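Inspection log for the structure reproduced underneath, given as structure tokens.
Whatever order the structure lists ligands and atoms in, that order sets their numbers, starting from 1. Note that the coordinates shown come from a computational prediction; the quantities given were computed from them, not determined experimentally.
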Amino acid sequence: MNIYEQCYRQLKQSGQQAWTGEGYERAWRKLTAILQALSKKHVLPAPGSVCLELGCGNGAMASLFMARAGYQVYGVDISPTAIGWAQETFSTAGLAADFQQGDVCTLGMYHDHQFDLVFDGSCLHCLIGDQRQRCYRQIKRILKPNGVFIVSSMCGQPKRPEDRQHYRAEKYQLMRQGQPWRTLMPLPRLTAELAASGFIAFKTSVSENPWWDHATLCCRLI
Ligand SMILES: C[S@@+](CC[C@H](N)C(=O)[O-])C[C@H]1O[C@@H](n2cnc3c(N)ncnc32)[C@H](O)[C@@H]1O
């Protein structure tokens, strides 16, 4: 079974609210502060616009914020349990959204230029090697020409000794049980990767943590 599916089964069974488990309230406060600031600065398209969250999980983060704010919300996640969970909670709350199980590297269910906003729900850093380029190609296809792509990603270097031990610096990969687990690259490298893939970051902010940093990059198509 896929590792993400396994995680969501456990999270749901143990009564957690979302992917971040006990850290949900903190993660929600951080995300909403970021999205509210971007909305004030008109970086987000106007409410009513069509947005997609990549790696939406159970919908309890960006998708929830966007739905409450009046956007037309779509979400995709690899875990069927997460998607079923998102559908259930949105339906109970009377919120509309289209959640589908799928892989962000092959987004054939969406048509060309469908979205005003594609929001990376901390999914990009889960993609390893050529998965990243495959995902970028899909985003370029489904984003409207004047659309916004917001990346929310781990960045920098691992700071804790136990993570440094399991970091393959030449590939920017954190390893877990001998397998690449996360892509973790310095911000200039991430910005350069985005530029080489057709996205220009016009607004970037970084939040520092004791383990590694987390960047929000607001991008447009080049
Ligand atoms: C770090 S979690 C974040 C979940 C949620 N967006 C949040 O903010 O709490 C990353 C999410 O990406 C999903 N994911 C990982 N790889 C994926 C892929 N290739 N296609 C679709 N979803 C993927 C995982 O199932 C997980 O829900």
### Query
Parallel under 30°, tilted from 30 to 60°, perpendicular over 60°: which one fits the rings of Trp19 and Tyr8?
tilted

### Task
Taking the side chain as every heavy atom from C-beta outward, state whether Pro158 and Leu184 have any pair of such atoms under 4.5 Å apart.
yes

### Query
Do Lys41 and Lys203 come within less than 4.5 Å of each other through their side chains, counting heavy atoms only?
yes

Measure and list all N/O to N/O distances between ligand 1 and the protein that fall under 3.5 angstrom.
residue: ligand 1; atom: 6 (N); partner: Glu53; partner atom: OE2; Å: 3.0
residue: ligand 1; atom: 6 (N); partner: Gly55; partner atom: O; Å: 2.7
residue: ligand 1; atom: 6 (N); partner: Gly121; partner atom: O; Å: 2.9
residue: ligand 1; atom: 19 (N); partner: Asp103; partner atom: OD1; Å: 3.1
residue: ligand 1; atom: 20 (N); partner: Val104; partner atom: N; Å: 3.0
residue: ligand 1; atom: 22 (N); partner: Ile78; partner atom: N; Å: 3.1
residue: ligand 1; atom: 25 (O); partner: Asp77; partner atom: OD1; Å: 2.7
residue: ligand 1; atom: 25 (O); partner: Asp77; partner atom: OD2; Å: 3.4
residue: ligand 1; atom: 27 (O); partner: Tyr8; partner atom: OH; Å: 2.6
residue: ligand 1; atom: 27 (O); partner: Asp77; partner atom: OD2; Å: 2.6

### Task
Go through the structure and list residues passing ring pair (Phe, Tyr, Trp, His ring centres under 6.0 Å) with Tyr136, not counting sequence neighbours.
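Listed in chain order: Phe199.
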
### Task
Please check if the side chain of Tyr71 supplies one atom and the backbone of Pro45 the other of a donor-acceptor pair under 3.5 Å.
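Checked: pair present.
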
### Query
Should we say atom CD of Glu162 is surrounded by more than 12 heavy atoms from elsewhere, each under 6.0 Å from it?
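Buried by this count: over 12 neighbours within 6.0 Å.
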
